[in-house]
Amino acid sequence: MGVGRLEGKVAVITGAASGIGRASAGRFASEGARVVVVDLDEEAGATVANSIGGLFVRADVTVAEDVDRMYDTAIREFGGLDVCFNNAGISPPDDDSILTTGPDAWHRVQEVNLTSVYLCCKAGIARLLELGGGSVINTASFVAVLGSATSQISYSASKGGVLALSRELGVQFARRGVRVNALCPGPVNTPLLRELFAKDPQRAARRLVHVPMGRFGEPEEIAAAAAFLASDDASFITASTFLVDGGIHAAYVTPLDDDFTPLS
């Protein structure tokens with residue numbers, strides 16, 4: 001499990017009150033990091049922070065002043081900053097086909113999913129450069145690298161933007177000690193996904209058939225990948241499209257259940 005890989009590191013994780021962010025806060029802490037849990041949900045965020053011996057900061061990551069404050073709090077309280085995991089995001093039901101998604105839904109998703117990553121990278125990288133470098137992990141998605149007929153158009157566009165932004169920054173700061181990678185999860189068993197699919201089981205089944213592993217990912221599996229990218233084990237990895245998606249990006253025809261033959 002690599003316990004201790006993040007010993008002595010200070011990590012700021014946004015969207016850390018639930019889902020991938022919550023699992024990552026626990027994983028980072030278990031590997032030795034001091035974690036700043038950032039979210040709008042004060043009760044859930046404080047619960048996560050208390051459970052891992054971390055620090056909760058309420059912040060709206062679409063507001064530059066809040067972003068500056070969360071990083072400055074981390075540096076003031078924990079004495080440094082090593083990892084910026086920019087994970088906050090939304091996927092609201094009114095973001096759907098381009099034919100039905102209105103401008104308000106479009107802009108809201110872009111603000112939370114893409115503009116927030118711009119703000120977090122702008123503020124976070126500036127501080128990492130002052131402090132000697134570190135790792136930036138931006139949550140993109142497998143939909144940044146392939147298309148879907150069950151569209152969430154603003155979400156897909158925002159994650160494509162996160163991927164391009166991460167690649168650019170990874171190249172730009174590669175010789176200055178700051179690594180920037182785009183973490184691209186496949187469909188993950190989070191409250192966000194469960195809520196979406198509970199309303200439309202047929203839509204869930206239509207998506208699941210395309211995953212070669214035959215299941216959705218778990219938040220802990222994405223958290224493990226994030227912990228690796230945050231650690232010095234990933235010291236030669238930057239500007240990458242780091243896919244953790246059960247093989248969905250590479251699949252044309254997926255296995256049937258009766259294709260499985262036990263080895264023994």
Side-chain angles (χ1 to χ4, degrees), residues 1-39 44-57 59 61 70-71 73-89 117 120-121 124-125 127-129 131-141 166 169-170 173 177-186 188-190 217-246:
M1 186 173 172
V3 174
R5 286 188 304 181
L6 303 181
E7 196 69 42
K9 294 187 185 294
V10 177
V12 174
I13 304 176
T14 68
S18 65
I20 292 169
R22 178 175 184 167
S24 297
R27 179 63 183 251
F28 280 36
S30 76
E31 297 212 24
R34 288 168 291 177
V35 179
V36 177
V37 172
V38 178
D39 209 282
T47 298
V48 172
N50 290 337
S51 71
I52 63 170
L55 175 69
F56 172 68
V57 174
V61 289
M70 75 186 189
Y71 287 133
T73 300
I75 294 168
R76 182 179 67 250
E77 297 297 324
F78 287 151
L81 178 66
D82 303 281
V83 182
C84 303
F85 185 12
N86 304 318
N87 171 71
V117 175
C120 289
C121 285
I125 289 173
R127 287 163 174 78
L128 290 176
L129 290 171
L131 294 167
S135 173
V136 177
I137 306 159
N138 297 324
T139 300
S141 171
S166 303
L169 297 177
F173 295 103
V178 175
R179 297 184 295 106
V180 185
N181 291 290
L183 179 62
C184 298
V188 177
N189 183 23
T190 64
E218 294 298 328
E220 292 76 15
E221 292 175 305
I222 311 304
F228 167 68
L229 290 174
S231 78
D232 293 339
D233 284 349
S235 57
F236 199 53
I237 299 175
T238 196
S240 76
T241 304
F242 203 86
L243 284 149
V244 188
D245 67 350

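The chain is numbered in sequence order, starting from 1.
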For this session: Give every residue pair that meets the side-chain hydrogen bond (donor to acceptor under 3.5 Å, both in side chains) criterion with at least one member in residues 6-26, sequence neighbours excluded.
Result: Lys9-Asp232

Problem set entry | Point-to-point distance, once rounded to the nearest 0.5 Å, from CG of Leu169 to SG of Cys121 | 5.5 Å

For this session: Side-chain contact test, heavy atoms from C-beta onward, threshold under 4.5 Å: evaluate it for Val12 versus Cys84 and give yes or no.
Result: no

For this session: Would you please test Phe78 and Thr73 for side-chain contact (heavy atoms from CB on, under 4.5 Å) and show each step?
Result: CA-CA 8 Å; Phe78 287 151; Thr73 300; over 6 Å; no

Problem set entry | side chain to side chain donor-acceptor pair (under 3.5 Å) against Thr139, all qualifying residues, sequence neighbours excluded | Asn87

For this session: Would you mind telling me which of Asp245, Val244, Ile20 makes a side chain to side chain contact (heavy atoms under 4.5 Å, CB included) with Val188?
Result: Ile20

Problem set entry | With sequence neighbours excluded, residues passing salt bridge (charged side-chain N to carboxylate O under 4.0 Å, His left out) with Arg34 | none

Problem set entry | Distance in Å, Phe228 CZ paired with Ile237 CD1, rounded so as to fall on 0.5 Å steps | 3.5 Å

For this session: Check side chain to side chain contact (heavy atoms under 4.5 Å, CB included) between Ala49 and all other residues, then give those that pass, not counting sequence neighbours.
Result: Val37, Phe56

Problem set entry | Straight-line distance of Asn138 CG to Phe242 CZ, nearest 0.5 Å | 14.0 Å

Problem set entry | Those residues that, when tested against Asn181, pass side chain to side chain donor-acceptor pair (under 3.5 Å) (two or more places apart) | Ser240

For this session: Nearest 0.5 Å please: distance from the CD1 atom of Ile75 over to the CG atom of Leu131.
Result: 5.0 Å

For this session: Report yes if the side chains of Ile13 and Phe28 come closer than 4.5 Å at any heavy-atom pair, otherwise no.
Result: yes

Exercise. Any sub-3.5 Å donor-acceptor pair from Thr238's side-chain atoms to Val180's backbone N or O?
Worked result: yes

For this session: Can you measure from CZ (Arg27) to CZ (Arg5) and round to the nearest 0.5 angstrom?
Result: 6.0 Å

Exercise. Which residues pass the side chain to side chain donor-acceptor pair (under 3.5 Å) test with Asp82, sequence neighbours left out?
Worked result: none

Exercise. Considering the options Ile52, Val83, Leu55, Val10, which one meets the side chain to side chain contact (heavy atoms under 4.5 Å, CB included) requirement together with Val35?
Worked result: Ile52

Exercise. Hey, what do you get for CG (Leu81) to CD1 (Ile125), rounding to the nearest 0.5 Å?
Worked result: 11.0 Å

